[in-house]
Structure formats: C-alpha cells, structure tokens
4 protein chains.
Amino acid sequence: MQSRSTPSTRAGGRPRSTEADTAILEATRQALVDLGWTKLTLGDVATRAGVAKTTLYRRWAGKSELVVDAVAELFDELELPDSGSLATDIEGVVLQFAALLGRPETKTALMAVVAESTTDEPLRERIRASIVDRQKRLVLAGRARAQDRGELPAEPDTAAAARTADLIFDVIAGAVVHRALVSAEPVDAEWAEQFTSLVLGGLSAVSGRGPTAVPSAPDTAP
Amino acid sequence: MQSRSTPSTRAGGRPRSTEADTAILEATRQALVDLGWTKLTLGDVATRAGVAKTTLYRRWAGKSELVVDAVAELFDELELPDSGSLATDIEGVVLQFAALLGRPETKTALMAVVAESTTDEPLRERIRASIVDRQKRLVLAGRARAQDRGELPAEPDTAAAARTADLIFDVIAGAVVHRALVSAEPVDAEWAEQFTSLVLGGLSAVSGRGPTAVPSAPDTAP
Amino acid sequence: MQSRSTPSTRAGGRPRSTEADTAILEATRQALVDLGWTKLTLGDVATRAGVAKTTLYRRWAGKSELVVDAVAELFDELELPDSGSLATDIEGVVLQFAALLGRPETKTALMAVVAESTTDEPLRERIRASIVDRQKRLVLAGRARAQDRGELPAEPDTAAAARTADLIFDVIAGAVVHRALVSAEPVDAEWAEQFTSLVLGGLSAVSGRGPTAVPSAPDTAP
Amino acid sequence: MQSRSTPSTRAGGRPRSTEADTAILEATRQALVDLGWTKLTLGDVATRAGVAKTTLYRRWAGKSELVVDAVAELFDELELPDSGSLATDIEGVVLQFAALLGRPETKTALMAVVAESTTDEPLRERIRASIVDRQKRLVLAGRARAQDRGELPAEPDTAAAARTADLIFDVIAGAVVHRALVSAEPVDAEWAEQFTSLVLGGLSAVSGRGPTAVPSAPDTAP
DNA sequence: ATCTAAACGAGACGGTACGTCCGGTCTTTTC
DNA sequence: GAAAAGACCGGACGTACCGTCTCGTTTAGAT
C-alpha cells in the first residue's frame, strides 16, 4: 500500500509488523470519525493503534500521507455497476461516490489532503496514484462498456479520447464533490438522474463534435 | 465585512480601528501566499499587520473564519462578461474563476476552509454567504441575460428553475475546481471551450425535459 | 494618603472623586482576601470598586503602590496598650501585631511588597513611610513610657539610644514575622511571654553594656 | 534535588537529563540576579539553560517551586564556624546569613516565595524542607557545641528544649532578615555583636527560667 | 542454539503555535 | 478636565503536538 515496496537492503533484523500497519490505518479512520482532520494527532492515532509514535513515523512521513493511505482503501469499494445502460451506470456511480463522501472520515479528510497537496507536489502524486486514479478507471471502464453496448461510438483519435475522458471525469467527480461538500445539499436519486441527463446530453455535443448523434437518455425518447 | 454590522449596543469606549481590519485581511492574504494555509499562524498575521494578537482574536473566532473573510474579498472581482452569447459568457466566467483559483492564496485556502466546514456548521454558513453566493449570482445573471437574448426559454416553474440553476452551478464550479486543484491540469481556453460545449449540450437535455429544443451550440444544429 | 498631597495645579475641570479612593482601597483589600497577592489584578480591583481602570492608574503607579496603601491603613489599628509594665506592654504589642499578620490580606501582601521593594527603591521608601514607621513608633513610645515608669534608665547618648531602638524593633518585628509567616507556627500568649522574657533579658545585657542592671522581668524575680 | 528520589516505576523511555537540572537551576539563579523575581519568566530561564520550556514544566510545577530549589542550594554554604565561644559562633552565623541575604538572587527571591507560600501550603512545606530546616540545624548544632563547652547547661526537658530552639531560631533569622530586607540597614560586625549580646542575655533569662546564670559574653569579663 | 540487527514500547527532548490573560496606554463619549 | 468604557500593543502564561532522540526489550532470520 505505501512506500516500502522494494525490500532493497534485505539485511538481518526484525521485520516490520504487518499487523501494525492494519491497526494504524484502521485507527486513523476511526480518529477521523471521532475528531475530524484538524484535531487528529499522530500521537492519538498511535495510542489508538496500540503502537509507539516512532513506529508510525518509521512508515509515514506525516499526517497527510497517513490519511491519504487510510482513506484510499475506502475507494476500493467503488465499482462500476452493470445496470444495462450508460445512464443508469452513471447514476449508480454517482450515488456510490456520494455515499462515500457522506462518510465522516472521507468527508473531513478528502478536501483537507487536497488542500495540503496544493503546496506539496509529492503529496499530490500520492493522491493521484492512490485516490484519483481509482476513480478515473470507473470512467474509462464505463465508456468501454458503453462502446461495447453500442451506446457510444468507438474513438479513432486516442488523444481526443483521453481528453474527453478527463473532461468527463472532472465534471462528474467535481460536481458530486461540490454538491456534497460545498453546497452541502443531498446527492439523492433525483439529483443523480438530472445530473446524468445533463452529462449525457453534453456528451453527445462534445464527443460528437459533428454529426455523431447518440441517443443520450433513453427515457427522454418518446 | 463581518459580524458587527448592527451598532447594537452603542456604548462608550474606543471604537474599533477600521484600518486594523484592512491591514489584517491584507496581511492574511500575503501570509497565505508566503506560507500556505497550514503554516499560516495567527501570530504571524498579527505581526505582519502591525497589530496585537488580541486585536485579531477580538474580531475573528479562529484561523478559518479569518481566511474565509480574507479570500472572500477576492471573489468580488468575478463578474459576468457581456460577450454576446451564452457560450462565450460561460467560457469567460470559467476562465475568470480558473484564474482566481490559480492564485496561490486562493488555491491553498479554498479547499482547506471547505474541509474545515465539514465539521463546523457555522463556518459552512459563513462560506456560503461570503463565497458561494458570490459565485452563484453569476449563474443566475448569466441565465437571465441568455433569456433576454432569447438563447434560453423563460422558466414557468420557479422551483424547477432554481433546481436547474443549482445543478449548473455545481457542475461549473465543481468541474473547474476539480480540474484545477485535484487533477492539477491547466484550465485553458481549449478546455473551457470543450467544457462549455458539454454544459450547453447538457443544458438543452435537462431544461428541455422534452422536445423543447434550444439552439444551444450553433455548431450542433445541422 | 498617597501621591497627590498638594493640589498643586488647581485648574478647572472635574475634581477627583474621594469616594473612588475609598472604594478602590477597600476593593483592594477584599481582592487580597479573595485572590491573594499573585492573582490580584488591577482590572479586577477596578471592577470591584465600580471604577474604570484609568481612574486607578491616574492615582497609583502600579500594583505594589496600591497594595502598600491598602494595607498601610490596617497598621493604624496598632497601638501601645498601657498595661502597667514593660513586659506586658511588649506582650500586648506582639499579640496585636501577630493578629494583624494573621489576617489574610496582610499575610499575603506584606512579604510580597517587601520582596518587590528589594529591587525598587522608591517602593521601599513608601513602605518605610507608610508601614514600618507606623510600627517603630510603638517601640519608641514603649521605651519612653518604661523610662517614665523607671523600668528603664534614661539614655544619655542619643545615637546609642537610636541604635538600640532600631535593634529592638528589628528583633521584635522580625521574630514575630518569621514565626508567623516562615515557621508558620502560632504566635500565642505562651510564645509571646517567652519571647518577651528573652527580649527583656537581652535588653539589660545590651543597654547595660556594663554593670547597669535592670530588673528584666519583674514578675520572675522573687 | 526534587521529587523523584525513588526510582519508583523504573519503566522504559528515555531517562531525564541530569545536566538539564543543573543548567536550569544555575540559569534560574542568574536570571534572578539579572531580572529579579518579578521579571523572571520561565521562558527566559529555559532559553538561558538551553532547554525547552516543556522540559522545565515537566520537572517543576511553577516559578515558585523552581526558585525555591534554585536558592535552596545556596543555603548549603551556611555552616557553623567553630570559633571557640558561643558568642562568636553566633556572630559568625549571623554574618554568614547576612552575606547570603545580601546576594541579589537570595534577596529578591526569599521574601517572594515566602509571600507565595502564605496561600500555598505545599510550597510552604517545600520551603521548610529545603530552606528553613537547613538554617535551623545551625541553631541546634550551635547549642550542642555550647553545651559541650559547658557554656550552656544540658536540657533535661526535651520539649522545652525544642521550644527554646525554635524561639532562638525565629529571633535570629527573623531579626537578620528584617534588618537586611525591611529596614534595609547593613548587618555589619558591630550590629552582629550588639545583637548577639542581646540574644545571649535573653537566653539566660529564658533557658534559665530562674537564677541559672550563664557567662553571657566571656570576652567582656576580664 | 546462538548471534545479530532492526523493529518495538516508552517517554524525554528542543521547538513552535496555541488561545488567554494582564499590564499599561490610548481614544471616545458623557458628565 | 475627570470619569466610564473599552479597544489597543506587548508580552508571558501554561498546554498541546510536532518530529527526533535515546533508552531497554523483543523477535525473526542468518549462522
């Protein structure tokens, strides 16, 4: 999950406890729930995990890195539902993501680490690798499936395809986050439906960029 | 700017210095530029402003409230450009907002205070009143102007109109913020154009909610 | 009592309130009782006295000066009892002084201002004038009365007389203060009698400085 | 020096630095010399000692406790000179004590902590154990030596003996302190001689409690 | 079965910022 | 022009965490 991937200098000595890792990440999430990002302290996490502070610092560089790893695990739960149509697939993902953002540990941590990352480039990379990419694959998978179904045309220009995927991703993730955390309004089925309708309508305008018309939302067709 | 609007208990005593307010807010913005949200301390702001720490605490409850007020002033710069069409109006606003998010003080502060607000209801209200509403009025003004131009139909159902405005606002603000701060990719003219195209395309699908077609983007009409 | 003795610049304007003086000194004593020297603050005294802090600073230079004046008034209560013999006169004064030192305001304030005075010469003078001299006159009066009674011989050498008076004063005041505040043992009638016996015995040895014998303690001699 | 005498709970963890103790106490004495009791701050002491403020608070409860320990070490210097007679022994101790009181750190600190102790019982105990008892043993040792020499009779009644010792101690310590700090007059050889004469004269009156005469000052008798 | 080197718990360490309190000063309106 | 009110600057308070360091104690793998 985190930094020590290569057992580089495989020397003698006691190996690190994997149970400690698990306990620390779980303790971190619980501390986020109980205290929120700001009042969470590494000393408290160590105590909750039944671990010395040094053990914690041996593995993570600081609070931000630890929290990124702790919440990243939650993003593994996200998956693309195969609901039969692109529209309901999007609605499903939107609601899943909203449910994740509704959890207190995610809510308080996500914006905080993003804020940190604006002045910490390595942290931004870690967030991208651990969190953002986990979300973006859903967009890519959704498009592939829609293309399989024939709901979307195949993309001949791979550069343009990547650009469009990025756009769609920022629109979906951005809108849900903004609705949930900034506007602080509920992301319910009704909103998800209206939003999906907008995205699909816009998608044809964008990807089309010409006469490539697509039946955006099946329920709007009489 | 902040709390003491009503001269409620106009009693004796030395009045508060308005110059101090100005100096503190300016010092706060400069400290955000120099240090970022995390390393900014109220003691340092006080020193920069040539003011005692107590003066600062007499006016603001904490770091978050102060920073909200400091960056809120920057959002006054946003305005709706009258560029002749809804599409270019949106592109203009998007680029303006992106430019604002590109400034270091805004970049580091905005997500941070939003993160704080997830566990601080009064702070969320302050953000809504000071920042979010300042942005949302641009959406409302843009729609009104587009309706004047005939680009958009009048809305008979006011509740639905409000719902659509909120949706559009979350989509625009959310996408720009996500692109700029989470994906950390540039919000340039090209992206703005593509994004606007998506929004306008989706707008017809949403507000239409039926056969009410609108010449959203001139190039999509055959 | 304090600084403004001469109405020097009798100019126009509102005259100072004498009631304020009284209220401030009384409030100071009460604050000493409630809070002790260290926790006593001038702001609190002002509030108790129903007076603005500026009024307080217009009259006294600081906490020490104010407290000296406040407790000095208590020393006016000390007086030399005419009990018929030097021994009982001394015992009476000792017990009076001990009773004064037993009051919480005096107990906490006296050593504190003396401590301050070790690094503040004007304060030492104020203490001497307001407090010490009020005590020393009892010694002088007691000796004069004893000489009138014939218990002590007249002093031909005035310089030596002054020196002896100073010595006796330091011994009496010092011993009582030390017993009461440092050793924190009760200064009761038994102790006062034993101590007086020591002083009178020593007095003959000192003032005598030769064969000049004096009936040190008349009741102990058969 | 202070609380942790017993290695009670010998647990893990980094042991406390004994060098820090030494440095802090020395820095405290120097700060007393430079600043006096009132202006001494624990932050300044920490800086002088090259130590963090937390280290200081981990060991001492507050300014008073620290200063008591710092000045207590100085009282170890006091010792009973064996000068051949009780009178010169007393004079020697008086002058030693006066010299100690003349040092700026002692002068400013002693009365201050006594003042504090009037509203702080644990502090009073600390003063008694660290300072007062260090002085009182001189009185006891002086009496024992005088009894060995035959200058004073043996005491059959131990309770009365203790009472007398306490009295003598309060008289000597009290008189010297009062002369030096309150009257602010020099405690020189002349004063010491006169004072000693008084004490010895009084001693015979007290301990004698009858005709038990003692050659008060052997050098005055040819 | 021993050796060994790193991980571990505990907790003290030097720092930094916190938010509060107080000391004295000043500015304003009221008397 | 004094008085009440209260804002002002400055500075110390005692606390909380930070991230580092020194201890003595496991503990698995290499010998």
Side-chain angles (χ1 to χ4, degrees), chain A residues 9-17 20 39-47 49-63, chain B residues 9-17 19-20 38-44 46-47 49-63, chain C residues 9-17 19-20 38-47 49-63, chain D residues 9-17 19-20 38-44 46-47 49-63:
Chain A
T9 55
R10 187 64 208 97
R14 177 174 174 176
R16 286 187 180 168
S17 160
K39 291 181 186 163
L40 177 146
T41 71
L42 295 197
D44 182 73
V45 169
T47 303
V51 145
K53 223 174 18 156
T54 38
T55 299
L56 219 148
Y57 277 104
R58 210 173 283 122
R59 290 164 159 81
W60 288 277
K63 179 169 163 173
Chain B
T9 55
R10 185 63 205 97
R14 180 173 171 174
R16 287 191 178 168
S17 160
E19 299 171 9
T38 303
K39 292 182 186 161
L40 176 147
T41 70
L42 294 196
D44 181 72
T47 303
V51 146
K53 224 173 12 156
T54 40
T55 299
L56 221 148
Y57 278 104
R58 207 174 287 120
R59 292 166 157 81
W60 287 278
K63 181 168 160 173
Chain C
T9 55
R10 186 68 205 93
R14 179 169 169 177
R16 286 189 179 168
S17 158
E19 299 170 9
T38 302
K39 292 182 185 161
L40 176 145
T41 70
L42 295 196
D44 182 72
V45 169
T47 303
V51 146
K53 225 173 19 156
T54 36
T55 300
L56 219 148
Y57 277 104
R58 210 172 283 121
R59 290 166 158 83
W60 287 277
K63 180 167 160 173
Chain D
T9 55
R10 183 64 205 94
R14 178 172 172 176
R16 288 190 177 169
S17 160
E19 299 171 9
T38 302
K39 292 181 185 161
L40 176 145
T41 71
L42 294 196
D44 182 73
T47 302
V51 145
K53 224 176 8 159
T54 41
T55 298
L56 221 147
Y57 279 105
R58 208 174 285 122
R59 290 166 159 80
W60 287 276
K63 181 168 161 173

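A note on names: the letters A, B, ... follow the listed sequences, proteins ahead of strands, and every chain is numbered from 1.
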Side chain to side chain donor-acceptor pair (under 3.5 Å) partners of D:Thr38, counting only residues at least two apart: C:Glu116
Nearest-angstrom distance from the residue atom CD of B:Glu19 to C1' of E:dC26: 14 Å
Whole-Å gap separating C1' (E:dA17) and NZ (B:Lys63): 10 Å
Distance test, side-chain N/O of C:Arg58 to OP1/OP2 of F:dA3, below 4.0 Å: yes
Contacts of type side chain to side chain contact (heavy atoms under 4.5 Å, CB included), residue A:Thr54, not counting sequence neighbours: A:Ala52, A:Arg58
For atom OH of A:Tyr57 and atom C1' of E:dA7, their distance in whole Å: 18 Å
Distance, rounded to the nearest Å, where D:Arg59 contributes CZ and E:dG14 contributes C1': 12 Å
Whole-Å distance separating the CG atom of A:Asp44 from the P atom of F:dA16: 13 Å
Nearest-nucleotide comparison on DNA chain E, the residue closer to the 5′ end among C:Ala61 and D:Ala20: D:Ala20
Nearest-nucleotide pick for B:Arg14, side chain only, options being F:dA7, E:dC8, E:dC13: F:dA7
Short side-chain N/O contact from A:Arg16 to OP1 or OP2 of F:dG29, under 4.0 Å: no
Euclidean distance, C:Leu42 CG relative to C:Lys53 NZ, rounded to 0.5 Å: 8.0 Å
Phosphate contact (E:dA7 OP1 or OP2) by A:Thr55 side-chain N/O below 4.0 Å: no
Check nucleotides 10-12 of chain F against the protein and report each pair of N or O atoms closer than 3.5 Å, with its distance, or say if there are none.
none

Exercise: identify the closest heavy-atom pair between B:Val51 and B:Ala20: CG2-CB, 4.2 Å
